Amino acid sequence: MDHDAYVQAARELSPAIRARAAECESLRRLPDATFEAYQRSGLLRALQPRRWDGFELSPLTFFDAVAEVAAACPSSAWFLSVVGIHNWQLGVFPEQAQRDVWGKDTSVLISSSYAPTGKVERVDGGFRLSGRWSFSSGCDHCQWVFLGGVAPSDGPTPDMRTFLLPRSDYRIIDNWHVAGLAGTGSKDIVVDGAFVPEHRTHRFVDAYLFQNPGQAVNTGPLFRLPFGCLFAFAIAVPAIGAARGALDAYRTYMQAKVAAYDGSKVADDPFAQRRLSEAAVEIAAAEGDVRDTWKAMCMQAEAGDTIPLSARARARWSAANIVLRGVRAVDLLFEASGGRALFLDNPMQRYFRDVHAMRAHALNNPDKASQVFGYAELHPGGTPPEFFL
């Protein structure tokens, strides 16, 4: 599948996904019909290794499709983006871990919760995990999970890893009752002393140094890209789509709206026109950030060059700033939409709630991201304050 066919597949699914947006929120997870459509169309295979029936498309292609879906239903796009990026991460795990998950069925999916909130013990042949992890988006439709944890180590740097567990080793706690991104099913995961073999772990330092074990078998340029940046953009790009959806809804509403006080056409109101213009510029700037960042990174990966830390730090800041632009665009439009935007059958209120929920994600914190970028700029050759780059 090429770029055009992949994005077109997302575009063709979007009307039905939009029609199910309220159902998605009511279920508090992705509707089965949307999940089945994702599987039939192959949308979740964009970044999956070819040797496991994936497409190995450019991240830009994947992000274009995610934005298309987010304009219809931000929660459905969040599932596509987060779960879809996990197929890339499994591709950089040791080969045996890939066989464990995809050996019998290459459509099997993985959810995640990377914050190291559980307990990790080192035992013979691997590790033992216990504890509770939160915000595992899409977990109801996934058969495995990535969990973050710090492995015991004698070194000066914490040995942060992603641990891979099958559904039989964890429980899902149905606690996802939230105001924004309600349809993502981002529930808690509980583990009670599960054994995780060494090969089902992925060290953050390996990702940081581009020494991922999976690169021995998945040798394409896609798997020479930085994990931290890919994931940061996966949870940033849905904000572009949400802002596009809000812009479309605002435009349609204002073209028909008549002012209650004097009967004038709101489309002729210069203030309404300015709000639309300012929001459109924010969206265009965010789209440009995505293109510029990933065109440069993909060119370096294709050339066999190592992507420098300075570029990765800038990308982390760009991702957080993309979300800020999405929030600003939606806020401009929501504030100018009047009281009708508050009704639950008006999509504007959903875009408003969902884009603010995206901003609440830890990686989308602009203060933290600006610290990473600012440090890299002011300390050339130094070590930034985090490894997720």
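Keep in mind the model is a prediction, meaning the values are calculated, not measured. Note that these values count all heavy atoms, side chains included, but never hydrogens, waters or copies made by symmetry.
Between Glu386 and Arg316, at least one side-chain nitrogen of the basic residue sits less than 4.0 Å from a carboxylate oxygen of the acidic one, meeting the salt-bridge criterion. One finds no salt bridge joining Asp174 and Arg171 here, because no Lys/Arg side-chain nitrogen approaches an Asp/Glu carboxylate oxygen to under 4.0 Å. A salt bridge does not link Glu121 to Arg128: none of the charged nitrogens lies less than 4.0 Å from a carboxylate oxygen. Ion pairing between Arg161 and Asp159 holds under the 4.0 Å rule for side-chain N and carboxylate O. Between Glu335 and Arg275, at least one side-chain N (NZ, or NE/NH1/NH2) sits under 4.0 Å from a carboxylate O, which counts as a salt bridge.
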- Task: Please assess Arg132 against Val190 for the test side chain to side chain contact (heavy atoms under 4.5 Å, CB included), listing each intermediate value before the final yes or no.
- Result: CA-CA 4 Å; Arg132 185 163 178 159; Val190 172; 3.9 Å; yes
- Verdict with supporting geometry, Arg328 and Asp331, salt bridge (charged side-chain N to carboxylate O under 4.0 Å, His left out): CA-CA 5 Å; Arg328 282 198 292 265; Asp331 284 356; over 6 Å; no
- Take Arg353 and Glu25 through the salt bridge (charged side-chain N to carboxylate O under 4.0 Å, His left out) test and state the conclusion after the steps. CA-CA 12 Å; Arg353 290 184 289 108; Glu25 284 202 314; 3.0 Å; yes
- Task: Please report the C-alpha distance between Arg224 and Gln215 in whole Å, then the side-chain angles of each, then the deciding distance to 0.1 Å, and finally whether the side chain to side chain contact (heavy atoms under 4.5 Å, CB included) criterion is met.
- Result: CA-CA 8 Å; Arg224 295 196 292 270; Gln215 290 175 257; 3.8 Å; yes
- Could you walk me through whether Met297 and Cys229 pass side chain to side chain contact (heavy atoms under 4.5 Å, CB included), step by step? CA-CA 10 Å; Met297 283 197 179; Cys229 297; 3.9 Å; yes
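In the hydrophobic cluster analysis, where Ile, Leu, Val, Met, Phe, Trp and Tyr join through side-chain heavy atoms closer than 4.5 angstrom, Val145 is grouped apart from Val92. When the side chains of ILVMFWY residues are joined at heavy-atom separations under 4.5 Å, either directly or via intervening members, Trp176 and Tyr170 end up in two distinct hydrophobic clusters. By the rule that hydrophobic residues join a cluster once side-chain heavy atoms approach within less than 4.5 Å of another member, Val7 and Leu57 end up as members of separate clusters. Hydrophobic cluster membership is shared by Phe63 and Phe55, with clusters built from Ile, Leu, Val, Met, Phe, Trp and Tyr side chains linked at under 4.5 angstrom. Trp317 and Leu363 are members of different hydrophobic clusters when ILVMFWY side chains are connected at heavy-atom separations under 4.5 Å.
In this structure a side-chain-to-backbone donor-acceptor pair under 3.5 Å is missing from Tyr375 to Ala313. Between the Ser318 side chain and the Arg314 main chain, a donor and an acceptor come within less than 3.5 Å of each other. Judged purely by atom type and a 3.5 angstrom limit, Thr162 has no side-chain atom pairing as donor or acceptor with the backbone of Gly148. A donor-acceptor pair is defined here as one N or O able to donate and one able to accept, closer than 3.5 Å; no such pair exists between the side chain of Gln143 and the backbone of Ile110. Formation of a donor-acceptor pair under 3.5 Å by the Thr201 side chain with backbone atoms of Pro197 is not found in this model. Judged by distance alone, the side chain of Ser370 and the main-chain N or O of Pro366 form a donor-acceptor pair under 3.5 Å. Within the 3.5 Å criterion, the main-chain N or O of Arg50 finds a donor-acceptor partner in the side chain of Glu56. For Tyr6 (side chain) and Phe62 (main-chain N/O), no donor-acceptor pair under 3.5 Å exists by modelled atom type. In terms of modelled atom types and a separation under 3.5 Å, the side chain of Ser130 and the main chain of Asp192 share no donor-acceptor contact. Arg28 contributes no side-chain N or O that, together with a main-chain N or O of Thr184, makes up a donor-acceptor pair within less than 3.5 Å.
Heavy-atom minimum distance, Leu47 versus Phe223: O-CZ, 3.8 Å. When all heavy atoms of Pro221 and Ala301 are compared, the pair lying nearest together is O-CB, 3.6 Å. Across Ser111 and Ser137, no two heavy atoms sit closer than the pair CB-O, 3.5 Å. The minimum heavy-atom distance between Leu332 and Ala279, with the atom names listed, is CD1-N, 3.9 Å. Across all their heavy atoms, Ala243 and Val330 have their closest contact at CA-CG2, 3.7 Å. Among all heavy-atom pairs drawn from Val327 and Arg359, the shortest one is CG2-CB, 3.9 Å.
A donor-acceptor pair shorter than 3.5 Å cannot be found between the side chains of Gln349 and Asn346. For the residue pair Gln48 / Asn87, a side-chain donor-acceptor distance below 3.5 Å is found, with atom types taken as modelled. Donor-acceptor pairing under 3.5 Å is recorded for the side chains of Arg45 and Thr106. Residues Gln98 and Trp52 bring a donor and an acceptor atom of their side chains to less than 3.5 Å of each other. Judged purely by distance below 3.5 Å, without hydrogens or angles, the side chains of Gln96 and Asp100 pair a donor atom with an acceptor atom. With 3.5 Å as the limit, one finds no donor-acceptor pair spanning the side chains of His3 and Ser58.
A cation-pi arrangement is not found for Arg274 relative to Phe271, the charged atom failing to lie both closer than 6.0 Å to the ring centre and inside a 45° cone about the ring normal. Both cation-pi conditions hold for Arg312 and Tyr208: the charged atom is under 6.0 angstrom from the six-membered ring centre and inside a 45 degree cone around its axis.
One distance of note links CZ of Phe79 with CG of Leu109; it measures 6.0 Å at 0.5 Å rounding. From Asp53, atom CG reaches atom CG of Asp105 across 9.5 Å, with rounding to the nearest 0.5 Å. Here the NE2-CG distance, from His202 to Asp206, works out to 6.0 Å after rounding to the nearest 0.5 Å. If you take CG on Leu13 and CG on Leu43, they are separated by 5.5 Å, rounding to the nearest 0.5 Å. To the nearest 0.5 Å, atom CG of residue Leu225 and atom CD of residue Glu302 are 8.5 Å apart. Atoms CZ and CD, on Arg325 and Glu287 in that order, are 11.5 Å from each other to the nearest 0.5 Å.
Phe163 has its ring centre less than 6.0 Å from the ring centre of Phe127. Aromatic ring centroids of Phe227 and Phe388 lie under 6.0 Å apart. Taking the six-membered ring for Trp, Tyr114 and Phe135 have ring centres at least 6.0 Å apart.
Contact annotation: the side chain of Val290 approaches that of Ile240 to within less than 4.5 Å [non-hydrogen atoms, C-beta and beyond]. You'll find the side chain of Cys24 stays beyond 4.5 Å of the side chain of Thr34, heavy atoms only. Looking only at side-chain heavy atoms (C-beta outward), His141 and Arg29 come within less than 4.5 Å of each other. Residues Pro31 and Glu23 meet the side-chain proximity criterion, which asks for heavy atoms closer than 4.5 Å. Contact check for Phe233 versus Pro59: no side-chain heavy atoms found under the 4.5 Å cut-off. With a 4.5 Å cut-off on side-chain heavy atoms, Pro238 and Val66 count as touching. Within the 4.5 Å cutoff, no side-chain heavy atoms of Pro384 are placed close to those of Gln371. Counting only heavy atoms from C-beta outward, the side chains of Tyr38 and Ser76 approach each other to under 4.5 Å.
Between Phe146 and the choices Trp88, Phe93, Phe231, the ring pair (Phe, Tyr, Trp, His ring centres under 6.0 Å) rule is met once, by Phe93.
Residue Arg340 places its CZ atom among 12 or fewer non-hydrogen atoms of other residues, nucleotides or ligands, all under 6.0 Å distant.
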